[in-house]
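The sequence lines fix the lettering, A, B, ..., with proteins before strands; numbering per chain opens at 1. Every heavy atom of this structure was used, including side-chain atoms; hydrogens, water molecules and symmetry mates were not.
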Amino acid sequence: MDLYEKIVELARRRGIFWQSYEIYGGVAGFIDLGPLGTLIKRNIETLWREWFILRHQEFIVEIETPIIAPKKVFEASGHLEHFTDPIVECISCHRKFRADTLIEEKLNTNVEGLSNEELEKIIRENDIRCPICNGELGKVKTFNLLFQTIIGPYSENIGFLRPETAQGMFTSFKRVYEAMRNKFPIGIAQIGRVARNEISPRQGMIRLREFTIMEVEFFFNPKKPECPLIDKVRDRKILILPGELKVKGEKPIKITVEEALREKYIINEWLAYFMVQSYDFVNKLGVPYDKQYFEEKLPHERAHYATQTFDQMVKVERWGWIEVSGHAYRTDYDLSRHMKYSGHDLSVFIPYEKPVIKRKLKIAIKEKVLRETFKDKAAKIISTIKSTLPETIANELKTKGYIEVEGEKINSKYISVCEVEEKISGERIVPHVVEPSFGAERLVYVTLEYAYSEREGRVILKLPKRIAPIKVAVFPLVVRSRLPDIAKEIYERLKEMNLTVYYDESGSIGRRYARADEIGVPIAITVDYQTLEDNTVTLRDRDTWKQVRTPIEEVYRKLPLYFEDKIDFFKLGTPYESKSK
RNA sequence: GCGGCCGUCGUCUAGCCUGGACUAGGACGCCGGCCUUCCACGCCGGCGAUCCCGGGUUCAAAUCCCGGCGGCCGCACCA
């Protein structure tokens, strides 16, 4: 049984996650989170919020937008066109191939944007066959990974489930920007469900058809792409595999952020900054730095909207390196497309430090005179003049004394040229975007895998205490005397402190410790006979099985400090060894 | 989607080849009780199985046949 199987089994047994709709045989690509899984995922989300939003709250804000969007949104975003692949199936061996890459490889030509029929024609004309068995290829079909639905009753209004939360940030960009009183640069974050109709998801929690994305769309001025926070991470070393090394089959290299930027491995400082944040965030979930690296996606591997993408890879036992986050430089692709498709201006006004004074020619039209002379034709003449460059008009007036419009000669009787000063206080730009984007369920799995350990045949989930779904377990050593009463009292007090905590008096104390270890409870409090004498209890550390003894009142004071990482376990009391040992 | 392997209590499994005594057995876990002064102790009891689903063959199907669904691995696909 490999680690993945052990975790899946533990998850099912203890209520962390399992396959959805089991009673109907299950459906691939969907999972339920159980009581513990829900807590774990929420703790990961909370940590993410703190790490990416709270710490940057002066310029990163969180929003929520719908899961369903009308067709137009995905026409604009390019997903209807690009989130699909033309696929051909070999008639004899039934293997499937991407039609476009097959042709591009064989004929060494670019067939981007061609229709399925055109691709099929090329395949027929060039007698392209199955590269595996040399069999004949069938019809070119399209796979679109968007889930489709209908908005409203009996409606023609087609909608789609979003494949990423990002579009919500783009479509509402202007509102958020204004609500934040034109804060710029600005990051908009969202945690939400997305859906992708994967062709064949078969890696449990790793490839889901519906999952949670945590992402930031960070909007900045492409003319000022510097990140003021980059100094904080400039000297940080990261493991990175740039595209140019990847194509040579080389391994990731360990370099500083500064070097990565200098060598243009990473093309934007903000992108680099968020990559380091992500490196640390995943480390906080229990993944060591040497089990992570950033891999650049090659042009043909990238999504349609990105000019550079790094995937943050984490090593897992079963599948090797898997992607837990993507870091894409999306440029102004999305905003520009939404401007074009919606007709709304999504640009941002950037004031200059000092207004620029520009001298400019202006044509003054004496409309009244012009109308009197040319009657009906006047309107047309005026609009033509207005759409002509003032410089051109001035030049013609100077040389010829008139300009010719609509077959009429217009001289200085009707128009005159003057020079005006124009004060330009800034310019409008379409922001560029970098996007760090995490898959929450994958992080849940990765966190579990790195927390999983065994000791003396027992499972111990060494979850970071921030992530542990249950923080404290309270046990009476035996069900005798007043021990259960005191333990229950402690349990009630801890609940009032907003901790997740549980009380257990069943079976032997050893069994109860084992049960608690298995779901990663960091601290177990045991009420024993000594408690009756001096009001002290033992606290047991999940990872070392060591115990300390502390007065009950001290427990309430010190536990919060422990969970805030202000003190470590051994500061919770004085070392304690049980007598029987 | 193809090929290989697989699908029985919560979990792991026995039974399947060679159809019938299977009311589907066990272990672990879970629940209750007893016991118990610190690491899955012991004893008693209990709950717990659409034998993946549907169809067929048969007097009789967990067992044989067909179809489907789901899982794992490989290919392909996807990020």
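The partner of rG19(B) cannot be assigned: no Watson-Crick or G-U wobble pair with both contacts below 3.5 Å exists in any strand. rG48(B) is unpaired under the Watson-Crick or G-U wobble criterion, no partner having all donor-acceptor distances under 3.5 Å. Nucleotide rC5(B): paired with rG71(B) (Watson-Crick or G-U wobble, both distances less than 3.5 Å). Pair assignment for rG10(B) gives rC28(B), based on Watson-Crick or G-U wobble hydrogen-bonding distances that are each under 3.5 Å. Using the Watson-Crick or G-U wobble rule with both distances under 3.5 Å, rU58(B) pairs with nothing in any strand shown.
Tested against Tyr445(A) for a side-chain contact (heavy atoms from CB on, under 4.5 Å), the candidates Val324(A), Ile16(A), Val316(A) yield a single pass: Val316(A). Of the residues listed (Val287(A), Val314(A), Leu3(A)), the one engaging Glu449(A) in a side-chain contact (heavy atoms from CB on, under 4.5 Å) is Leu3(A), and it is the only one.
Taking 4.0 angstrom as the limit, Gln547(A) places none of its side-chain polar atoms (N or O) nearer than this to OP1 or OP2 of rC38(B). Close to rC73(B), at under 4.0 Å from its OP1 or OP2, lies a side-chain N or O of Trp319(A).
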Which protein N or O atoms sit under 3.5 Å from an N or O of nucleotides 49-54 of chain B?
unit_1, atom_1, unit_2, atom_2, d
rU50(B), O4, Ile23(A), O, 2.3

Quick one: which protein N/O atoms are closer than 3.5 Å to N/O atoms of nucleotides 40-44 of chain B? Pair and distance per line, please.
unit_1, atom_1, unit_2, atom_2, d
rA40(B), N6, Glu518(A), OE2, 3.0
rC41(B), OP1, Arg511(A), NH2, 2.7
rC41(B), OP2, Ser508(A), OG, 2.5

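Ring centroid separation for the pair Trp545(A) and Tyr513(A) does not come in under the 6.0 Å cut-off. Phe438(A) has its ring centre less than 6.0 Å from the ring centre of Phe52(A). His82(A) has its ring centre no less than 6.0 Å from the ring centre of Tyr305(A). Between His432(A) and Tyr329(A), the gap from one ring centroid to the other is short of 6.0 Å.
In this structure, Lys465(A) forms a cation-pi arrangement with Tyr562(A), its terminal cationic atom sitting closer than 6.0 Å to the ring centre and no more than 45° off the ring axis.
Ionic pairing of Arg549(A) and Asp528(A) is present here: one or more N-O contacts between side-chain nitrogen and carboxylate oxygen are shorter than 4.0 angstrom.
The same atom, P, is picked in rA60(B) and in rG10(B); the two are 30 Å apart, to the nearest Å.
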